[in-house]
Amino acid sequence: ADSKPRDGGTLIVGQYQEVTQFDPNRQYSWETWRIDRNIYETLVNEDLSSPTGVPKIVPGLATSWTVSPDATTYTFKLRQGVKFTDGTPFDAQAVQFNVRRFTDPTFQYYDKVSAATMGLVYADLASFKVIDDYTVEYVFKHPFLDYLRQIPNSGNAASGIFSPAALQKYGQDGLADHPVGTGPFKFQERVRGDHTTLVRNPDYWGARPRLDKVIFKPIGDDQSRVAALRSGAVDLISRVPPDSVATLEKAGFSVPENKNVPQIIYYNFNYTNQYLQDKRVRQAIIHAVDRKTLAEKIYKGYAGPATSIINQGNEAYDASAVDYQFDPEAAKKLIADAGYQPGEVKFTILSDTTGQPTAEFIQQQLKAVGIDASVESFEWITYGTRSANLKPTDGINLGEWGYIAPNWVKIAHNYSVVNRGGDKYSDTSAATNSAIEAAAHNPDPAKSKELWQAAAQAWAKDATIFPLISFNRYYAVSPRVGGFVWPQQDHYDLSQIWVAS
Amino acid sequence: MTAVLTVDGLHVDFQLPGAVVHAVRGVDLEVGPGEVLALVGESGSGKSVTAAGILGLLPRNARVTAGSIRFQGTELVGLGERQLNVFRGAGIGMIFQDPVTSLDPSFTIGSQLGDTARLHLRVSRNEALEVSRTWLDRVGIGDPDRVLRSYPHELSGGMRQRVMIALAGLSGPKLLIADEPTTALDATVQKQILDLLLGLAGEAGTAVLLITHDFGVVSHTSTRVAVMREGTIVEIGQTGQVLGAPSHPYTRTLIDSVPEIGQRHLQDGHQRRLLGAPPATARVRLSERTEAPRPPTDRPILELHGVTKEFSIGGLGTGRHRSTVRAVSEVSLSVRRGEIFGLIGESGSGKSTLARLSGALLPLTAGSVTFDGTDVGTAGKQGLRDLRRRFQYVFQDAATALNPRIRVGDQIARPLLRLGKATGRREATELTHRALELVGLNAGYADRYPREFSGGQRQRVGIARAIALEPDLLILDEPTSALDVSTQAAIINLLLDLKDELDLTYLFIGHNLAIIDFVCDRIGVMRQGSLVETFPAGELFSTDRQPATRALLDAVLPVRARRREDLLAPSTIKD
Amino acid sequence: MTTTTAEVRAGAPPRLRRSAAARFVRNREALLGLVVLIVMVGVSVLAPWLAPYDPNAGDPDNVLAPVGSAGHLLGTDDQGRDVLSRLLYGGRGALVVSIVSVAVALLIGTLLGLYGAFAGRRTSGVLMRIIDLMFAFPVILVALSLAAIIHPGPWVLIGTVVFGAVPYVTRIVFAEAKIEREKDYVEAARSLGASEATILRTEVLPNLLSSVVIYGTSLVGVNIVFTASLSALGLGIQPPSPDWGRMISEGAKVLVTGNPGVATFPAIAILLVALAFNWLGDGLRDVLNP
Amino acid sequence: MARRILWRLANLVPLLFVISLLVFFISKAGPADPVKDVLSEKMSPEQIEQIRQAYGLDQPAWKQYLHWLRDMFTNGGGISLSVRSPVSGIVFPAFLNTLILGAATTVVAVALGVLIGFVSGIRHGRLIDRAAMLLVQIGSNLPIYWFGLIVIWLTAVQWNWLPPGGMHDLRGDGGFGDLLLHLIAPAFAASLVSMLIIARFVRAAVIESAGSDYIRTYRSQGFGRAAILGKHIGRNILPPIVNTTGLTVGSVITGVVFVETIFSWPGLGSVLLNAIAGSDYPVIQSGILLVATTFVVVNLITDVLLDLLNPRLRHGGA
Ligand SMILES: Nc1ncnc2c1ncn2[C@@H]1O[C@H](COP(=O)(O)OP(=O)(O)OP(=O)(O)O)[C@@H](O)[C@H]1O
Ligand SMILES: Nc1ncnc2c1ncn2[C@@H]1O[C@H](COP(=O)(O)OP(=O)(O)OP(=O)(O)O)[C@@H](O)[C@H]1O
Ligand SMILES: [Mg+2]
Ligand SMILES: [Mg+2]
């Protein structure tokens with residue numbers, strides 16, 4: 001890691017999942033965006049070169065921008081002279097094509113799937129205008145302070161700009177396999193299940209990427225991924241199993257620590273379960289679980305307890321916020337108050353296999369307060385479908401998400417409570433909703449943090465979400481690799497990384 | 001001149017789980033060059049085991065516990081496989097008793113003969129084929145080319161046996177051990193084969209150890225005879241002397257049991273039995289129940305009309321063109337209730353096939369079979385099964401007709417239960433034991449598996465299985481070919497007694513004309529798939545017989561010179 | 001019958017064969033297999049009395065204690081649960097599932113294979129194509145569908161294994177039965193009035209037993225492992241129930257870094273059971289089929 | 001015989017049709033909803049509904065089936081519902097990779113299985129027989145999750161002999177030698193079970209054949225051990241070998257999912273697993289149809305070979 005920066009070479013990244021697809025409007029999952037963002041760029045970027053601090057918003061495909069005081073209108077000056085890797089120019093028309101694809105049902109290239117995915121960010125878009133060849137304007141119905149943060153966001157609904165020509169050429173479904181953007185690397189090939197290769201974009205407008213080639217390889221099995229890193233087959237892996245951290249470090253690999261990454265593990269409640277419709281039971285559950293011990297003992301300190309839905313790394317993070325203390329006695333009392341005998345409350349904990357230790361830990365702790373939970377754990381993909389199709393006997397199910405932008409509170413509340421019909425079972429849902437709306441539609445940056453924290457606190461009252469832990473080790477890097485930085489974000493910048501020869 | 005083979009005090013034991021069988025208990029033998037030593041004896045007396053022991057080819061569970069075997073002065077007992085291989089084939093040739101199982105089912109006859117030829121004669125592939133063809137010709141196979149390209153299962157019993165002989169003779173051994181080489185052969189071919197053996201002995205000085213039951217064969221072929229019983233040699237001496245003046249009582253019994261041409265079991269209304277035994281006065285039937293007497297009818301019990309059978313051979317993967325072999329051709333025949341119908345004919349003439357067709361064990365190519373008024377071809381599954389309890393088979397190849405994985409006791413008892421002859425396990429077991437005893441086997445053998453029997457014992461198991469069912473019609477395909485003469489006599493007598501008692505009908509296929517002549521009421525002669533003639537048994541020697549029949553008769557070997565004159569038709573006897 | 005010379009041989013025939021049980025006992029390997037199995041079953045049944053700890057109770061302060069640590073003979077897993085206790089309990093599901101499912105699969109497969117070999121060409125064709133179909137059907141899909149209908153658990157595993165193994169058994173039996181079908185003893189049995197069904201059951205089956213036993217006993221261990229993998233997909237025995245298969249897939253995480261015992265001991269247990277079945281099978285074959 | 005082969009191939013059509021129907025309706029009736037998956041966790045019900053419409057999933061099941069059928073013939077199976085990309089591009093390459101692994105596995109299983117079975121059979125009851133059988137019994141009953149990791153750990157991490165997984169060295173040129181190197185560990189691991197079964201069958205067949213009367217005949221003619229073993233015993237044990245080999249090909253194609261996972265082999269197993277979990281029926285359909293075709297063809301070849309190998313069966317039964 002301490003060798004001199006060097007030009008050329010190939011970096012091989014071992015990912016923990018097969019990536020979804022390289023269509024910026026349809027893609028989802030962090031691992032996909034870690035690739036995609038090298039192909040597609042966004043109007044604004046985050047500066048990912050520092051391991052600490054909320055990344056600064058910096059120019060990307062836009063060189064400058066203005067935000068109206070009410071935070072509804074965003075005007076971007078586009079960078080000139082930029083070309084997509086297929087040679088077509090990047091300009092306001094291209095941006096318009098992109099935006100219309102997922103917002104304008106009258107557009108020839110409108111795509112419902114993209115619209116559904118991108119709705120997360122653009123649902124409130126009132127209009128989009130091309131001012132001139134290099135100026136575009138987005139107008140939102142409500143103040144949207146976090147829009148700039150959302151643009152380069154990861155996971156789903158990132159606003160990467162693709163080449164309209166490519167879409168026209170390959171079709172709505174074809175773009176995914178023939179991605180064309182303006183990024184530092186360009187797509188070379190994807191062998192499904194095996195690898196994706198990117199090569200340096202020689203015409204890149206920004207700083208020349210050091211690497212000739214980056215290869216991403218999915219290795220789903222945790223142990224195999226670690227073995228691949230150790231044997232030198234890959235240079236960088238994500239999702240280091242906590243049990244491997246110490247050995248990897250001992251073997252000379254670096255496993256950077258970052259306690260401020262916008263990532264949180266939490267549990268959703270299933271409101272079709274009769275017991276969980278009672279807020280006292282939900283509160284009892286949170287009281288019953290010792291998140292500190294979970295983080296320190298089961299995860300050996302490679303995770304930190306999360307006691308608020310505002311994840312660490314979020315702009316509105318407040319370390320002192322605690323929803324419910326670890327207090328088994330209080331939990332027992334709450335259950336008794338709810339009218340249940342010990343052992344009467346029964347439900348299933350759904351988890352993916354990586355979360356299984358957590359689930360089993362929770363199960364044991366619930367047992368101590370008289371809740372009889374069983375665990376069902378599934379492979380990641382199976383789990384996804386299973387958790388999207390809950391049965392009334394299911395109790396809580398694992399979630400993993402998180403954002404830097406504080407409107408994460410709204411997103412999370414929507415999905416964990418509103419969409420699941422949880423509002424009915426919370427006495428304070430009206431207050432929570434209005435607090436969230438107030439924060440979301442607030443145009444004043446100075447007040448933003450405060451409002452979001454208040455919203456989160458209002459939400460926590462009736463225990464409709466169960467935050468758990470955040471990981472603080474995630475990547476492991478071979479000593480061959482130089483310049484790797486794990487910023488406060490759930491992706492990283494590859495353009496300035498180098499590998500030793 | 002030293003003996004080619006010397007066996008001294010040979011003892012062989014079989015280790016069965018929980019028991020030891022002393023199969024051979026001190027056998028001494030000597031065979032000199034050019035000599036033919038005949039080994040006769042009771043079925044199960046250890047002849048085959050002795051023979052196999054010489055070549056070191058005993059089954060895994062057998063041990064030579066004592067004795068010595070010297071071939072041209074070399075001690076063979078205790079030699080390893082590799083050292084024995086020096087002698088096998090080129091030095092000592094062996095013709096096994098059961099040609100069905102002794103030929104490799106996966107290779108053509110040509111390939112099996114050819115391999116041996118190339119191993120021992122060091123000839124090219126083509127020459128090997130030529131040698132094989134010559135040998136098939138020498139053992140009297142008429143169409144060697146077809147046989148060379150055939151698989152063992154496509155040949156008749158006699159053809160397989162002759163292939164076995166060719167296989168052993170091919171490599172020109174100094175000592176030839178022939179274990180009942182002619183049991184499945186008709187008289188003509190038998191004579192041809194024996195002359196071949198004599199030729200080998202005479203010209204090449206080959207020593208021959210000939211195991212046989214047929215005293216005609218003994219007197220025709222051998223210089224000396226050894227008589228074996230219960231694992232030991234009870235008498236040994238010059239052929240003429242042993243046959244003429246046997247000293248051991250067992251030998252005498254044997255010789256007295258030899259059937260002679262021209263005797264009939266029913267003559268002038270008098271019942272006779274072999275060996276001068278009287279017809280049974282006591283009941284011989286197995287079951288206690290009495291059958292309802294059958295309504296007397298004139299309807300034939302079995303009727304064949306224009307029965308034809310073609311086998312298709314060749315085709316994809318066999319390296320030869322698809323073609324058909326006509327094994328049975330337009331045979332019409334009717335067997336009356338209560339008669340014994342004999343079927344004779346040269347080997348491969350279609351007798352066994354015809355028998356199988358009669359019981360609908362093979363689909364017909366053309367024609368019809370009627371059993372007691374029911375058309376077998378259209379009887380349907382259930383109808384056929386109903387018929388089957390009324391006719392039974394004794395198959396030619398006892399070795400393969402028994403299920404190798406089931407104790408013989410069960411193989412006899414199960415059909416009894418199935419067909420309602422016995423009402424419970426106990427009764428079935430009892431009947432099984434009785435049936436075994438009737439054919440001269442100890443009831444204790446019920447516990448054994450087929451491979452633990454001698455050839456003749458297996459054959460008797462087959463007979464026991466069939467008679468235990470007391471069928472109306474019994475098809476006997478060479479039922480006594482592997483039996484020594486005294487056992488054979490006992491079996492024949494048993495069959496006759498059973499028939500009297502139960503009014504059975506037999507279809508009796510055989511090569512031994514004396515036996516056929518003795519037991520049958522009517523006789524049919526087959527040749528190349530066709531039934532050439534049928535006639536009452538008494539007219540077997542009449543002068544207007546077809547040439548095919550005459551040829552068979554002409555080849556019958558006399559047992560003793562002094563009996564020649566006794567024959568009814570002396571003019572037909574040749575030396 | 002008075003004249004048979006063979007009858008001269010007097011004396012009661014020796015009973016040549018010992019009873020099947022006696023022969024089985026003499027077969028040392030088979031006996032060893034039986035003993036191992038009995039011990040395994042016994043331990044599983046007696047687990048509540050033998051196990052030093054509650055197999056599901058984790059101790060967060062004592063995770064991944066190494067083999068031989070004080071109080072935990074075989075160490076603890078990543079939840080701090082006692083490996084020995086889990087090992088003792090863990091055989092219950094594995095043994096029941098694998099034995100039941102293999103037995104059922106053998107039964108069905110053998111019946112179908114025999115039937116296919118003896119039925120008419122058309123019936124046999126249809127049957128064997130159905131078998132092809134079963135072959136091609138991913139067992140995972142079966143498992144998922146079953147899990148949807150009857151909830152993940154042992155029955156899903158049994159159903160899945162049966163579905164997966166039946167086509168194999170069927171084809172093995174089918175191919176061999178087709179060869180047997182042509183043999184003379186079958187013809188003989190037919191002539192002895194046996195119906196086709198009887199021939200299959202009492203005549204052909206004993207000749208196939210060796211193959212069936214070989215295949216069946218090979219399957220037992222394999223299927224314990226397979227069901228473990230299904231459990232890992234969330235379709236079988238659910239955590240935290242101790243189950244050898246699950247213990248292996250969970251223990252694999254800490255195989256190299258942590259306590260290798262968590263996965264290794266159940267692996268050895270499965271191996272022992274599998275070996276025991278193999279021995280038992282070989283012994284059984286010798287007894288049934290000397 | 002030739003007619004029979006054609007007939008069997010013609011059978012393929014209705015068979016595949018039945019399979020596709022079955023698979024379709026089972027995946028429809030299954031617990032999962034193709035649109036509700038990891039992604040949908042993070043979507044509102046309206047968004048999910050939109051996607052559902054986009055893929056025609058709001059239509060009645062039979063229409064969906066017909067659409068799939070049409071897609072099958074017009075554009076290679078349509079679009080995957082969960083991966084949203086053409087099915088052919090997902091399934092074919094993966095299937096090819098599985099075939100490669102399957103072929104290698106079969107070769108290893110058959111070669112080693114026959115060798116071990118043969119040696120054990122000849123040395124029946126001796127030390128080497130017992131040792132060899134014990135070894136394969138142990139080998140084939142090692143849980144793959146455990147054993148595979150140990151193999152990777154030792155060969156890749158500790159000794160650096162073999163790659164830790166995957167099909168190619170991503171840094172190399174991906175030549176044939178490289179592929180072979182990557183095949184060693186997974187093929188070996190995947191072959192263990194079949195190897196045991198083949199070894200046991202071969203052993204039993206050798207023992208039976210070696211004790212048979214016709215082998216006694218060859219021995220009586222002084223054929224050397226090698227000739228008898230190689231040609232005659234070899235020929236007579238071919239049927240069980242062919243039969244179990246056919247089964248091996250089948251079992252490795254469907255059974256290597258776990259091996260694929262551990263050795264990061266980009267095969268059909270994991271593709272199908274994911275598709276099944278997500279009720280992605282276009283992918284399941286195409287995948288299963290490919291597998292089914294392979295099975296039918298392999299079974300057909302096996303059956304024909306078995307018949308050809310048995311002189312009594314060559315004419316298609318008596
Ligand atoms: N594999 C075996 N296991 C046990 N006993 C056997 C075995 N083979 C033969 N025997 C027994 O050994 C004795 C001698 O058998 P052998 O085959 O030598 O008789 P044989 O004289 O050739 O009779 P046959 O004339 O009937 O062929 C018989 O009693 C037989 O039951
Ligand atoms: N399955 C078959 N396939 C082809 N040809 C066969 C088959 N079975 C018998 N044959 C042929 O049919 C002919 C008659 O055979 P069959 O067994 O009926 O003769 P046989 O009269 O009983 O002779 P033997 O006295 O030698 O037993 C022979 O030429 C034989 O090769
Ligand atoms: Mg004999
Ligand atoms: Mg015949």
* **Residue Phe223(D) versus chain B: region with a heavy atom under 4.5 Å** =>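 For Phe223(D), the contact with chain B is made by backbone and side chain together.
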* Under 4.5 Å from a heavy atom of chain B, the part of Ser220(D) involved -> both
* Nearest non-hydrogen partners of Arg88(B) and Arg219(D), listed with the distance ->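 Answer, listing the atom of Arg88(B) first, then Arg219(D): CD-O, 2.8 Å.
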* What distance do Gln97(B) atom CD and Asp213(D) atom CG have between them, rounded to the nearest 0.5 Å? ->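 One gets 10.5 Å once the value is rounded to the nearest 0.5 Å.
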* Asked: Once you round to the nearest 0.5 Å, how far does CZ of Arg225(D) lie from CZ of Arg82(B)?
  ->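 These two atoms lie 8.0 Å from each other.
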* To do: For chain D, find which of Asp98(B), Leu55(B), Asp115(B) contributes the most heavy-atom pairs closer than 4.5 angstrom.
  => Asp115(B)
* Among Val86(B), Asp104(B), Val100(B), which residue forms the greatest number of heavy-atom pairs with chain D at distances under 4.5 Å? ->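 Of the candidates given, the most pairs with chain D belong to Asp104(B).
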Enclosure of [X] [atom1] (heavy-atom neighbours >12, cutoff 6.0 Å):
X: Lys231(D); atom1: NZ; result: yes
X: Ile128(D); atom1: CD1; result: no
X: Phe92(D); atom1: CZ; result: no

* Measuring heavy-atom distances to chain D, does Leu57(B) have an atom under 4.5 Å in its side chain, in its backbone, in both, or in neither? -> both
* With only heavy atoms counted, which part of Ser102(B) is less than 4.5 Å from chain D, the side chain, the backbone, both or neither? -> both
4.5 Å side-chain heavy-atom contact, [X] and [Y]:
X: Pro105(B); Y: Asn236(D); result: yes
X: Tyr214(D); Y: Gln112(B); result: no
X: Gln221(D); Y: Pro173(B); result: no
X: Thr217(D); Y: Leu167(B); result: yes

* Please determine if Glu208(D) and Arg451(B) form a salt bridge, counting it only when a charged side-chain N lies under 4.0 Å from a carboxylate O. => no
* Which is it for Met94(B) and Arg216(D) under the side chain to side chain contact (heavy atoms under 4.5 Å, CB included) test, yes or no, and what are the steps along the way? -> CA-CA 10 Å; Met94(B) 173 95 192; Arg216(D) 186 182 62 175; over 6 Å; no
